**Student:** 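Below: one structure in structure tokens.
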Number of protein chains: 2
Amino acid sequence: MAPSRGKTGQTSVDQDASVSSTGGSRPATLRDVAAHADVDVSVVSRVVNGDPRLRVSDATRERVERSLRILDYRPNVQARGLRLARTWTIGFVLPDLMNPFYAPIVEGAEQRASELGYMVVIVRELDRARADDPELAFARLLHEDRVDGLLVASGRVDDDVLRTLDRGRRPLVIVNRRVPGVAGSVVVDDQAAAEVATSHLIDLGHRRLGHVAGPSGIDNTLRRHAGVAAAAARGGAMLVTAHGEGWDPESGHTAALRLLATHDVTGVVATNIIVAAGVVGAAQELGRRVPEDLSVVALHDFPVAPFLRPSLTTVVLPLEELGRQAVDELMWRLAGNARREITIAGRPRLVLRDSAGPPRDEGVPARDPGARALDGRRVRPRG
Amino acid sequence: MAPSRGKTGQTSVDQDASVSSTGGSRPATLRDVAAHADVDVSVVSRVVNGDPRLRVSDATRERVERSLRILDYRPNVQARGLRLARTWTIGFVLPDLMNPFYAPIVEGAEQRASELGYMVVIVRELDRARADDPELAFARLLHEDRVDGLLVASGRVDDDVLRTLDRGRRPLVIVNRRVPGVAGSVVVDDQAAAEVATSHLIDLGHRRLGHVAGPSGIDNTLRRHAGVAAAAARGGAMLVTAHGEGWDPESGHTAALRLLATHDVTGVVATNIIVAAGVVGAAQELGRRVPEDLSVVALHDFPVAPFLRPSLTTVVLPLEELGRQAVDELMWRLAGNARREITIAGRPRLVLRDSAGPPRDEGVPARDPGARALDGRRVRPRG
DNA sequence: CGGGGATGACCAAACGTTTGACCAAGGCTA
DNA sequence: TAGCCTTGGTCAAACGTTTGGTCATCCCCG
């Protein structure tokens, strides 16, 4: 055991300190460890942090490391944060957790963050996100120095709010949205996904297409619409778009009714799977069977897709990866680097199920009907 | 403007301090405010916190409050937390965010927490939650003093882990699960919900019932099974139970195949809506139409229920309220009070949709179709 | 033997709060 | 007029870290 050293003359004793890390006693502080190893707290601190400028004898270092283990020392994050003005916490701003779209993003973000020793706090932000509202939850988090940075995954927060926030001391990364010339962002390739979905319908022989989109004007909606329009044009197909008021089933239902009542389309690209459920419902109310009378392809694949009737043909987007990379981008910014606009690489994947087939009475036959998996669930990479 | 006072003789000046709360400058500290109001920081602190023992002239108090407003002072949470050994942060432990079951609970918890000035950090905990794993994410959070307490909503964490955690310094509230004689918990009335679902089938005339349950042995599963069994016995119905391995669609699918292959039931209570989707799929694979040949009632209502085909008859459980009350219970514990076991009040509500009807070829007619909503409210949403 | 580096460690300030102790000045009472 | 209380504050320590300085000792070299 360590001999008594130093002018304090205090003899350190191996006290019974093997407290369970979940036990009831006070966690060991730097000072406890220093006393145990009979050195100054600064030595312990530098050992813990691997300070390269620390000059210390091997014997002392080992003594310190042993004490650290025995006392099961863990740095107090608040004290460290106070000193360093950091929190190792990031905020994830979203409008609503019920929307399954956000779950995988949050999940991916949490995974990556915890790998890096960060916590993720969720901040639900209502649509009342006006620029000068002093009670904006996330602005408060920033102002109280409770987070090191923010991931904003809400499509509803005003551009102005984001611009203001982006001028602040803390980095901001916008998730799956671009705010022109303002903030760093990470997005999935919505446009490519939309093209894949649309091309699939065209490959099946559809030439009169509908797009049930999200609220108009939203960046997100624009990117997807661009993809649908591009693929439709390339395929020589007619396209009519109906915007819903949101991304919920009712919005899809309403928009689809409007679309189907006025236009004779045979295939629809729905902006997401939830909206697609509303589209299918609307079609059936109008007496059109899916996929016999109307084909539907949805963007995003959620676990529920196979269990809808008919099961939905979808395009998978890498949402977990989106969350992970959003965190990485925030770290990049925290390290002092400049804003970037990142698009997640990787081709969107088409998942064939039952909601899309060849049009009934017209058009070319599907190019390769044999590729359809019998169970309708086999995944075929983009053709 | 405030005159120069005190022996420092320092004249305070109304500097241009109206920084936007999201602006780029350093947030004002207590010291800044003190200098601005020309008083000691302790006065400012006591004013901010409404210390009743503070004796101060009205003039001074107003001067301080004015400075607080001008400088837009917000306490630094880390410093305050360091001093008071609190974080105003609670951890929410869950296995997986993709399961829509958790979304409303987290959402409710976040709402309530933010009302109370608390942040919610999500902690995903894999099933590897063994008692002595030093790298348990939530144990680390506790040990580093990053949270004031924990809400555990994972059904998979070992009882032993919870028992150990529960002996620690920080309060622990188990969400929707009871760990015998150990920790405080908040649960919804699963048993009552199961009874409502089962009674509905019996009222429709079913006498041979199946229960597709969650993994056996889990408290949750037991409570629901108790409800199903009680109602079945009361109605003189036969009951056979099949346990899935999880709460995902595949588990429901597998368990339902097993159940339907070996027993001739006419109605099934599924432990949740996701599992129910698997049950419906299994039935259809076996050539049994829902609801004509098999009625299905699911516990929990998620927004997707109306859009499944057939749309699912469900029993609504107050999951958001569960989240809110879990936070309240944690606050109760943080205030130093003893553990409690709380069951959320309020009758589970039956939502009638298309997946359950009278049995085809047998049995008594429904007793009184109008009486089936136990709470007297007949709910019939779209679909 | 004196000077100059290394070596190995300690000291102390600072981060922003909270809070028990203390104190000067003035007024009241005995 | 001495003593005491009240009013209106100030002082300073403490929470647990981090980190730029300082410092005593020892060794080596000229």
Side-chain angles (χ1 to χ4, degrees), chain A residues 2-10 12 26-64 68 71 73-88 143-146 169, chain B residues 2 5-10 26-64 68 71 73-88 143-146:
Chain A
S4 177
R5 301 176 65 255
K7 63 183 168 190
T8 68
Q10 184 187 340
S12 69
R26 180 178 62 82
T29 71
L30 226 35
R31 182 150 58 173
D32 297 330
V33 177
H36 188 268
D38 198 18
V39 294
D40 188 82
V41 291
S42 62
V43 174
V44 183
S45 172
R46 291 188 230 249
V47 167
V48 168
N49 296 321
D51 185 337
R53 295 178 317 189
L54 170 62
R55 313 257 16 143
V56 79
S57 68
D58 286 352
T60 304
R61 179 185 294 274
E62 276 168 23
R63 204 151 28 87
V64 168
L68 285 171
L71 298 182
Y73 171 79
R74 313 284 178 99
N76 177 298
V77 174
Q78 304 221 63
R80 180 180 255 183
L82 175 58
R83 182 64 227 262
L84 299 179
R86 299 183 51 190
T87 63
W88 295 274
H143 199 197
E144 292 176 353
D145 278 336
R146 301 190 74 167
R169 292 171 306 128
Chain B
R5 300 176 66 253
K7 62 181 167 189
T8 68
Q10 183 186 340
R26 182 177 60 82
T29 71
L30 225 36
R31 185 152 56 172
D32 296 331
V33 178
H36 188 267
D38 197 18
V39 294
D40 189 84
V41 291
S42 63
V43 173
V44 183
S45 173
R46 291 186 230 250
V47 167
V48 168
N49 297 320
D51 184 339
R53 294 177 317 189
L54 168 64
R55 313 256 18 136
V56 79
S57 69
D58 286 352
T60 303
R61 178 185 295 276
E62 276 168 22
R63 204 151 26 87
V64 169
L68 286 171
L71 298 182
Y73 171 79
R74 312 286 176 97
N76 177 300
V77 175
Q78 304 221 64
R80 180 181 255 181
L82 176 59
R83 181 66 226 258
L84 299 178
R86 298 183 54 190
T87 64
W88 296 274
H143 198 197
E144 292 176 353
D145 278 336
R146 303 192 73 166

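Everything quoted here is computed from the prediction, not taken from an experiment. Proteins get letters first, then strands, A, B, ... in listed order; numbering begins at 1 in each.
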**Student:** Is any side-chain N or O of S57(B) closer than 4.0 Å to OP1 or OP2 of dT7(D)?
**Tutor:**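 The answer is no; no side-chain N or O of S57(B) sits under 4.0 Å from OP1 or OP2.
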
**Student:** How long is the span from the OG1 atom in T60(B) to the CG atom in D38(B), to the nearest 0.5 Å?
**Tutor:**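 Reported to 0.5 Å precision, the distance equals 9.5 Å.
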
**Student:** What donor-acceptor contacts under 3.5 angstrom involve side-chain atoms of residues 40-52 of chain B, with partners at least two apart or in another chain?
**Tutor:**
from, atom 1, to, atom 2, distance (Å)
D40(B), OD2, S42(B), N, 2.8
D40(B), OD2, S42(B), OG, 2.8
N49(B), OD1, R80(B), NH2, 2.7
N49(B), ND2, S45(B), O, 3.2
D51(B), OD1, R53(B), N, 2.7

**Student:** Report each atom pair, protein N/O against N/O of nucleotides 23-25 of chain D, whose distance is under 3.5 angstrom.
**Tutor:**
none

**Student:** Would you mind reading off the distance between R55(B) atom CZ and dT10(D) atom P, rounded to a whole angstrom?
**Tutor:**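 After rounding, the reported distance stands at 15 Å.
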
**Student:** Which residues pass the side chain to side chain donor-acceptor pair (under 3.5 Å) test with N76(B), not counting sequence neighbours?
**Tutor:**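 Not a single residue meets the side chain to side chain donor-acceptor pair (under 3.5 Å) criterion with N76(B).
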
**Student:** Heavy atoms only, 4.0 Å cut-off, all strands: where does V56(A) land among base, sugar-phosphate and nothing?
**Tutor:**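 Counting heavy atoms under 4.0 Å across all strands, the contact made by V56(A) is with sugar-phosphate only.
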
**Student:** Kindly give the heavy-atom pair with the smallest separation between V77(B) and Q78(A), and that separation in Å.
**Tutor:**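 Looking at all heavy atoms of both residues, the closest pair is O-OE1, 3.8 Å.
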
**Student:** So, for A79(A) and L82(B), which heavy atoms are closest and what is the spacing to 0.1 Å?
**Tutor:**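 So the two residues come closest at CB-CD1, 3.7 Å.
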
**Student:** Check the distance between dC11(C)'s P and L54(A)'s CG and give it to me in whole angstrom.
**Tutor:**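 Going from CG in L54(A) over to P in dC11(C) covers 16 Å.
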
**Student:** Thinking salt bridges, do D32(B) and R26(B) make one under a 4.0 Å N-O criterion?
**Tutor:**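 Salt bridge present between D32(B) and R26(B).
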
**Student:** Indicate the atoms forming the closest heavy-atom contact of P27(B) with D145(A), along with that distance.
**Tutor:**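 Taking every non-hydrogen atom into account, CG-OD2, 4.1 Å.
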
**Student:** Using side chain to side chain donor-acceptor pair (under 3.5 Å) as the criterion, list what pairs up with R86(A), not counting sequence neighbours.
**Tutor:**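 With neighbours one apart ignored, the set is Y118(A).
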
**Student:** Describe the nucleic acid contact of R53(B) in one word from base, sugar-phosphate, nothing, applying a heavy-atom distance below 4.0 Å.
**Tutor:**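 The answer is sugar-phosphate, as R53(B) gets under 4.0 Å only of primed atoms, P, OP1 or OP2.
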
**Student:** Let me have a per-nucleotide readout for nucleotides 12-17 of chain C, 5' to 3', with B, S or -, counting only protein heavy atoms under 4.0 Å.
**Tutor:** --BBBB

**Student:** I'd like to know if D58(B) pairs up with R63(B) as an ion pair, taking the criterion as any Lys NZ or Arg NE/NH1/NH2 lying under 4.0 Å from an Asp or Glu carboxylate oxygen.
**Tutor:**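 Looking at R63(B) together with D58(B), the answer is no, because their closest N to O distance does not fall below 4.0 Å.
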
**Student:** For a side chain to side chain contact (heavy atoms under 4.5 Å, CB included) check, start with the C-alpha distance between R74(B) and T29(B), then their side-chain angles and the critical distance, and finish with the verdict.
**Tutor:** CA-CA 8 Å; R74(B) 312 286 176 97; T29(B) 71; over 6 Å; no

**Student:** To the nearest Å, how far apart are D58(B) CG and dG8(D) C1'?
**Tutor:**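 Distance check: D58(B) CG to dG8(D) C1' gives 12 Å.
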
**Student:** At their closest point, which heavy atom of R146(B) faces which heavy atom of T87(A), and how far apart are they?
**Tutor:**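 For R146(B) and T87(A), the tightest heavy-atom pair comes out as NH2-O, 3.0 Å.
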
**Student:** Give every pair of a protein N or O atom and an N or O atom of nucleotides 22-26 of chain C that lie under 3.5 Å apart, one pair per line with the distance.
**Tutor:**
none

